[in-house]
Amino acid sequence: GQQLNQSPQSMFIQEGEDVSMNCTSSSIFNTWLWYEQDPGEGPVLLIALYKAGELTSNGRLTAQFGITRKDSFLNISASIPSDVGIYFCAGRGRAQKLVFGQGTRLTINP
Amino acid sequence: EAGVAQSPRYKIIEKRQSVAFWCNPISGHATLYWYQQILGQGPKLLIQFQNNGVVDDSQLPKDRFSAERLKGVDSTLKIQPAKLEDSAVYLCASSTLPGLAVQETQYFGPGTRLLVL
């Protein structure tokens, strides 16, 4: 089945630093989504991408749908303490089922 | 607008026991999903409903897991009998558009944390 490789698995940064994480797929996706999950909660959608090459921003977050349709990245600029959490990429391909990456755990030192 | 509701929030059972989880989707959302999220991993789809019909249950372990969505609103997910490896968070999600729609957005509930001892 479709698989997503998300990296890095975890990040430890200082407040104010920029963050970058990415996902790669073994197959082509038609949709890329980025979610954030806080402890004890369900994932919350941050950014949705529907077109190859698309670059979309949501405040300090920017995400891109790779030209090959097999990858996507998420950048967070000027991190703040409330950015702490687990970030998941998710993709939807021909099978239409949403497939999630393993997550990137972000820890921020104030 | 109220979000996706799930209960219970936590459940501890012994292996071979039965357990049931309940989900109330966002009002008007026709599509409902159940996901299993094992610690340290992303959610994995178990079953998708469109109104009260099953669209995809290819990853549901049907020998022990069952789900229903009577009347096309609330849904229950049951495990009988539970195994140690079923320990996970069970997430329910709903959306207004069918899963085939490119711009479908799924809204997740808080999940039920299951521990099987």
Side-chain angles (χ1 to χ4, degrees), chain A residues 1-10 21-25 28-52 54 56 58 63 65 69 72 74 85-106, chain B residues 2-11 21 23-26 31-50 54-60 88-115:
Chain A
Q2 295 173 318
Q3 293 194 353
L4 290 184
N5 290 313
Q6 186 173 348
S7 66
Q9 285 192 327
S10 59
M21 60 192 77
N22 68 81
C23 261
T24 58
S25 166
I28 289 173
F29 279 170
N30 299 317
T31 302
W32 280 99
L33 306 170
W34 284 91
Y35 286 86
E36 193 265 336
Q37 186 174 27
D38 290 330
E41 301 296 331
V44 174
L45 182 66
L46 299 173
I47 291 182
L49 302 158
Y50 302 111
K51 198 171 162 184
E54 181 180 355
T56 297
N58 178 8
F65 192 141
R69 295 167 65 191
S72 177
L74 174 71
I86 304 177
Y87 291 80
F88 289 98
C89 62
R92 184 181 290 123
R94 188 178 295 179
Q96 297 299 328
K97 185 175 356 217
L98 201 56
V99 177
F100 282 80
Q102 307 97 315
T104 296
R105 182 180 294 274
L106 180 61
Chain B
V4 177
Q6 291 188 247
S7 67
R9 293 296 306 272
Y10 305 91
K11 191 75 177 177
F21 313 128
C23 172
N24 180 236
I26 295 173
T31 309
L32 185 147
Y33 305 83
W34 283 102
Y35 287 85
Q36 180 192 58
Q37 185 176 22
I38 292 172
L39 186 64
Q41 297 181 19
K44 183 186 88 170
L45 179 68
L46 292 175
I47 189 167
Q48 175 188 344
F49 290 95
Q50 182 70 23
V54 175
V55 174
D56 184 351
D57 63 357
S58 57
Q59 298 189 112
L60 186 74
V89 175
Y90 291 85
L91 294 163
C92 179
S94 70
S95 70
T96 54
L97 299 177
L100 293 176
V102 173
Q103 300 205 1
E104 181 227 19
T105 297
Q106 297 182 22
Y107 297 88
F108 285 83
T112 295
R113 276 141 194 81
L114 174 67
L115 178 61

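Here is the naming used below: chain letters follow the sequence lines, and residue numbers restart at 1 for every chain. Just so it is clear, the structure is predicted and the values come from calculations on it, not from any experiment. Hydrogens, waters and symmetry mates are skipped; everything else that's a heavy atom, side chains included, is used.
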Completion exercise
Heavy-atom nearest pair, A:K97 first then B:S58, reads NZ-OG, 3.2 Å
Exercise for the section: Against chain A, work out which of B:G40, B:G42, B:P43, B:A93 has the most heavy-atom pairs shorter than 4.5 Å and name it. Expected result: B:P43
Practice task
Identify the heavy atoms of B:Q37 and A:F88 that sit nearest to each other, and give their distance.
Solution key: NE2-CZ, 3.3 Å
Practice task
Nearest 0.5 Å please: distance from the OH atom of A:Y35 over to the CZ atom of B:F108.
Solution key: 5.0 Å
Exercise for the section: Under 4.5 Å heavy-atom distance to chain B, tell me which part of A:Q37 shows up: side chain, backbone, both or neither. Expected result: side chain
Problem - chain A contact via B:Y107 - which portion, at a heavy-atom distance below 4.5 Å - result: neither
Completion exercise
Note: vs chain B, highest number of non-hydrogen pairs under 4.5 angstrom among A:P43, A:C89, A:G42 is A:P43
Problem - Interatomic distance, B:I38 atom CD1 to A:Q102 atom CD [nearest 0.5 angstrom] - result: 13.0 Å
Exercise for the section: Step through the shown structure and confirm whether more than 12 heavy atoms of other residues, nucleotides or ligands are within 6.0 Å of CZ on B:R113. Expected result: yes
Practice task
Just do the side chain to side chain contact (heavy atoms under 4.5 Å, CB included) check on A:L98 and B:Y33 with the steps written out, would you?
Solution key: CA-CA 10 Å; A:L98 201 56; B:Y33 305 83; over 6 Å; no
Problem - Under 4.5 Å from a heavy atom of chain A, the part of B:Q59 involved - result: side chain
